[in-house]
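Heavy atoms only: backbone and side chains are in, while hydrogens, waters and symmetry mates are out. Residue numbers begin at 1 in each chain, while the letters A, B, ... track the order of the sequences.
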2 protein chains.
Amino acid sequence: MAHLAHNHTAEDCVELVTIFQSLSEEDTSTVASLVSDKHYESGEYIYQAGDPADALTIVAHGQAKVFQLASNGKEQMLRILQTGDFDGEAALFSNEDRGSFAQALMDTDVCQIKRSDFQKLMKSSPELAVNMVNAFGQRIVQLEQQTTEAATSSVESRLASYLLETGAGLKQDEFELPLKKKDIATYLGTTPETISRKLSSLAKDELIEKKSNTLIKILDADGLAMVE
Amino acid sequence: MAHLAHNHTAEDCVELVTIFQSLSEEDTSTVASLVSDKHYESGEYIYQAGDPADALTIVAHGQAKVFQLASNGKEQMLRILQTGDFDGEAALFSNEDRGSFAQALMDTDVCQIKRSDFQKLMKSSPELAVNMVNAFGQRIVQLEQQTTEAATSSVESRLASYLLETGAGLKQDEFELPLKKKDIATYLGTTPETISRKLSSLAKDELIEKKSNTLIKILDADGLAMVE
DNA sequence: CGCGAAATTGAGAGCAATCAAATGTCGTGG
DNA sequence: CCACGACATTTGATTGCTCTCAATTTCGCG
């Protein structure tokens, strides 16, 4: 592999991202050649509202938050992009500007494919198109679950799920919270105060251990999954 | 048009559904020939959990609810399928059985395309694939909005949005509520009692008028949109 | 008309938001 | 290296929205 590689990050993208998996070698090479990559420091904006939405953005390494500004000026978290996630769903095939912001939460490498290139790719590679529909279908299922959970579960339950997901994503049971509690709160649709209290509550129940301000250890994953 | 028509419902599907729009005449005809159609009475199940998920289901006319059974046996509403909506996202490309139920809420005509036929279509028609990705992208955007709204808005605000959407979907400002209040409650993540109270509240504020038990008239759409 | 389901209404309890204040953390500059 | 300020977090007290439980009332349908 990597017979055509001249760019490590681009290779990462092609390997990491679901939609590019199970492509032919030829298609894989084509994709890698069309990808441009860029590095962002923690806090930098990957894109902002008003930017033209003309590229699919893939997180090769790192983490970023995608959010909107509500009418009152507060941030409304839409999603967290982890390594391997990509963004640009809706905008990729329309001519609209972006309505949201993406900000790197740590040092982050992203890859981008221009819309025109991506559309050409889709038309020439049925496999890619099918993968794309698959990936979107999975995201839809995940969003449906998230919606249901938001509508039916308590904050404590949602926080427990979030911790489990985060731990699973990092493949560790002891990890730094990647978001400030304010951001976790926005993400889960609650307030920093409540996050603080519920975290203490989970610790009191010995489901997690608060090693430090931001360092969390999951003690009882099964228990967390059963929090109502 | 309708030069090949031998089936009115199938024609409806092809004309109604976004993903089949802007296809070539040849593709359109092919689609119409692959579609099978079926009629369901109100209350009938279109599919149930455990059924194999091997077809894309399109609502040609009518309305259906898609829901899951939670561990406690209660229904969890996932979505309402209106005329022109389709379902089968995630399952269409996997081999999993369905995990949800779809039940007709009124006399409803649906069309179905078998997975194998649909996949062949996608591979032979790049336009269809692009349309499919587009449609999924739109649904993702809608779900993201729904998730954000569920996490940040009050029941009254969500109910107001629901009424606006329903009215817009029916293109009337006076309409029968298509769902029982119990179902609206499940859909919005609340209880029938609260729906009843908030509906009265909206009527007291003269944003809507309760003409009868199920007949609602929207008096102030702008006001509804601003309910917090 | 009469049954059963659906919807309304009322009372009470609980969870989480808000408001307020204290404490902790981190980066900067002296 | 320490002091300072800005911001994040914690903790406490209170309020309010929504759920739950319970009792009617209304509606839909045979």
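The two residues B/Leu163 and B/Leu177 come nearest to each other via the heavy atoms CD2-CD2, 3.9 Å. Contact detail for B/Ala104 and B/Glu41: the closest heavy-atom pair is CB-O, 3.5 Å.
A/Lys182 places its NZ atom 18 Å from the P atom of C/dT25, with the value rounded to the nearest Å. What separates CD of A/Glu176 from P of D/dA8 is a distance of 17 Å, to the nearest Å. Across the protein-nucleic acid pair, A/Lys180 atom NZ and D/dT10 atom P stand 14 Å apart, rounded to whole Å. If you measure from atom CG of B/Asn213 to atom C1' of D/dC27, you get 7 Å, rounded to the nearest angstrom. The CG-P distance, from B/Leu215 to C/dA7, rounds to 15 Å in whole Å. Between the CG atom of B/Asp183 and the P atom of C/dA6 there is a distance of 9 Å, given to the nearest Å. Atom C1' of nucleotide C/dA17 and atom CD of B/Glu228 are separated by 14 Å, given to the nearest angstrom. One atom, CG of B/Leu159, and another, P of D/dC19, lie 12 Å apart when rounded to the nearest Å.
Set against D/dA8, C/dA7, D/dT18, the side chain of B/Val155 has D/dT18 as its closest nucleotide.
Side chains of B/Ser200 and B/Lys210: a donor-acceptor N/O pair is present below 3.5 angstrom, by distance only. Side-chain atoms of B/Gln142 and B/Gln146 form a donor-acceptor pair, as typed in the model, at a separation below 3.5 Å.
Side-chain atoms of B/Thr108 never come within 3.5 Å of backbone atoms of B/Tyr40 as a donor-acceptor pair (strictly under, hydrogens ignored).
No side-chain heavy atom of A/Lys198 sits under 4.5 Å from any side-chain heavy atom of A/Arg158.
In the region residues 185-204 of chain A, proximity to DNA chain C at under 4.0 angstrom, judged on heavy atoms, holds for A/Gly189, A/Thr190, A/Thr191, A/Glu193, A/Thr194, A/Arg197, A/Lys198.
Of the side-chain N and O atoms in B/Lys181, one or more sit less than 4.0 angstrom from OP1 or OP2 of C/dT8.
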